Amino acid sequence: MQTKLSITALSKSFASPDARKVLDNINLEVAAGEFVSLIGPSGSGKSTLLHIVSGVDEPTSGTIAIGSGSGSGSGSAAGRLGASGYVMQRPLLLPWKTVRENIMLGPVLRHHPAAAAAREAERLLKDFGLDAYAGAYPATLSGGMAQRVALLRTIMAGKDFLLLDEPFGALDALTRQTMQLWLLDAWSRFGSTVVCVTHDIREAILLSDKVYVLNGRPATIVSGVEIDLPRPRRREHLARREIVLLEKKLEDLLIQEEPS
Amino acid sequence: MMPKFLRRLLPPLVVVAAIVAVWQLVVTAWHISGQILPSPLAIATALGHYPDVIVSATWQTLFEAVAGLAIATALGVATALLLDSSAALRRALYPLLITSQTIPIIALAPLLLIWLGFGLAPKLIVVVLYCFFPVAVAMAHGLASVDPEHINLFRTMRASYWQTLRLLKIPAALPAFFSGLKIAVTYSLTAAIVGEYTGAYSGLGVLIQSSANAHAVPLVFAVIFVTSCLSLALFLAVLGAERLATPWNRRPQ
């Protein structure tokens, strides 16, 4: 299997104000098409790690390679920019653009022909049942709808590699559950590679092929487990005995490592 | 739509009508001299007496105000974009921009007269000096307060400097820009009249001064009334432009 993301011996310290080291010796491999979750308590540097992978931040030491060794997207932070699509906790839609225009942002920025982009946008909106909202401004959307549009925008930007930073963190519990299944559906259609950061253990288990636990100060990967569940995933899977045990084990890992 | 608009307009109109009525009554009942406080009726009569003079003066002043405002807006936006383009420039220029406001512009008007004479230029400059600052500061603030996560989003999409400016920063700054423009537009007419006070051949400022010198007090009031109406019209024009330019900001009905 092809490797999509390879992180080796990555460390990150913030220069100011106290030279705090947040990430220490992170090693991570993600295969193409895999759905991987990183869980950890808040403040454990999960978001910092995604920032570095996306290229908006630099590691203090260590290497990051994106793609199958062709050199694409590896090296400097600037080189990684554009190699992944980033979905943050807030949908960050442009309020002055309609839903349709928002999801066309990627093609517009890359000077793609507008007509073709518009056609693809219509198709995506229809496929995901959002066509009724195509002409609406983001201010009129619910939180869940807005986050769906944000995900479609990232997919439209031609991303086969998605970084999700607590994408459902701002949503209520019910919307969250609907969105998790919606995300899995989208993921299976596009075959993207996903690295998802969350602090919700059940969410991580439901979505992922592999779950890594990030903990400690500075944070490092303390454990990694494969989720042995069939796809497509269903919520009932979470009730299986071995999954309940796994959830308990991961919870212990998160809490035990918390500094007292 | 229309009834709602009327419902909002009605209360202030009633108040204005009441004030005008009381004013008329007081002046008539106490036989106040038209040279001190003319009645609304006398002001209306004065307005009707000199339509040519008032209309030509209005055009002159309106032109100065609108042209000056346009120049000030262009300069203000350009300055804000310049400040936004580099942190070093911002640190160097922003304090100067603020400090420039400590200069009393009204005191510069006579100097401008000495340098540039009685023509259009000194009036335009006074209007520009008054209107530039609110536009520049509001626009600079708008550009600086773009959500940093949006900036990061554009970076991860490999947007260029100009793309980020055109598709993110300028639209995000538009509401702030219009706040500044609304302040500037109310300054613009007053500034044009101040410019005319110092020395001019025509305009509403000249008309106010000459009618005051001739003790034509009703005409002074008439010109003040015209100026207010004009100011209101300019403000409403900016409001309309804002609605057209920022349709997403319109509250859902």
Side-chain angles (χ1 to χ4, degrees), chain A residues 47-48 50-58 66 73 77-99 101-112 135-141 150 153-159 161-166 170, chain B residues 1 77 80-81 84-87 91 138-182 238-253:
Chain A
S47 297
T48 307
L50 282 200
H51 269 128
I52 293 171
V53 173
S54 75
V56 296
D57 207 347
E58 284 277 21
I66 297 173
R80 288 194 300 281
L81 284 171
S84 59
Y86 203 157
V87 179
M88 283 161 255
Q89 185 169 343
R90 290 186 297 139
L92 293 174
L93 301 176
L94 302 176
W96 48 87
K97 288 190 178 289
T98 61
V99 165
E101 291 166 342
N102 262 291
I103 73 168
M104 283 169 63
L105 183 62
V108 165
L109 287 177
R110 279 179 291 133
H111 305 287
H112 283 187
Y137 285 111
T140 62
L141 301 181
R153 170 180 65 190
T154 312
I155 289 165
M156 259 298 265
K159 305 303 184 181
F161 182 30
L162 304 182
L163 304 173
L164 313 181
D165 190 354
E166 304 202 16
Chain B
M1 190 63 200
V77 168
L81 291 175
D84 180 67
S85 68
S86 121
R91 274 196 298 276
M139 185 72 188
H141 178 72
L143 289 171
S145 51
V146 175
D147 190 336
E149 290 218 66
H150 265 143
I151 302 273
N152 271 346
L153 178 78
F154 270 63
R155 286 181 64 199
T156 64
M157 289 189 162
R158 281 190 169 278
S160 69
Y161 172 79
W162 290 109
Q163 285 178 326
T164 308
L165 197 61
R166 188 166 55 84
L167 294 168
L168 175 60
K169 287 187 161 190
I170 288 178
L174 273 184
F177 163 76
F178 275 106
S179 301
L181 192 60
K182 275 185 246 175
V238 172
L239 219 57
E242 181 182 23
R243 280 178 69 98
L244 284 179
T246 61
W248 68 91
N249 249 355
R250 225 174 283 169
R251 296 187 185 287
Q253 297 287 321

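Each chain gets a letter, A, B and so on, in the order its sequence line appears, and its residues count up from 1. No experiment lies behind these values; they were computed from the predicted model shown.
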Which one wins on heavy-atom pair count under 4.5 Å against chain B: A:L94, A:L92, A:V87, A:T98?
A:L92
Would you say the side chain of A:L164 lies within less than 4.5 Å of the side chain of A:Q89, judging by non-hydrogen atoms?
no
What do you reckon, is NE2 of A:H112 surrounded by more than 12 foreign heavy atoms closer than 6.0 Å?
yes
Part of A:V108 lying under 4.5 Å from any heavy atom of chain B
both
In terms of heavy-atom pairs under 4.5 Å, which option from A:P95, A:G55, A:S54 contacts chain B the most?
A:P95
A:N102 (side chain) donor-acceptor with A:K97 (main chain) under 3.5 angstrom
yes
When every non-hydrogen atom of A:L81 is compared with those of B:R155, the smallest separation belongs to CD2-O, 3.4 Å
For chain B, which of A:P138, A:G82, A:G106 has the most heavy-atom pairs under 4.5 Å?
A:G82
What option among B:L168, B:L174, B:I151, B:T164 has the most heavy-atom pairs under 4.5 Å with chain A?
B:L168
Can you tell me which portion of A:A139 sits under 4.5 Å from chain B's heavy atoms? Options are side chain, backbone, both or neither.
neither
Could you tell me which portion of A:S84 (side chain, backbone, both or neither) has an atom closer than 4.5 angstrom to a non-hydrogen atom of chain B?
backbone
Separation between OH (A:Y86) and CE (B:M157), nearest 0.5 Å, reads 13.0 Å
Turns out that what part of B:D147 lies under 4.5 Å from chain A's heavy atoms comes down to side chain
By a 4.5 Å heavy-atom criterion (distance strictly below it), what part of B:L167 contacts chain A: side chain, backbone, both, or neither?
both
Derivation and outcome, side chain to side chain donor-acceptor pair (under 3.5 Å), residues A:H111 and B:Q163:
CA-CA 10 Å; A:H111 305 287; B:Q163 285 178 326; 3.3 Å; yes
Is the shortest side-chain heavy-atom distance between A:I52 and A:E58 below 4.5 Å?
no
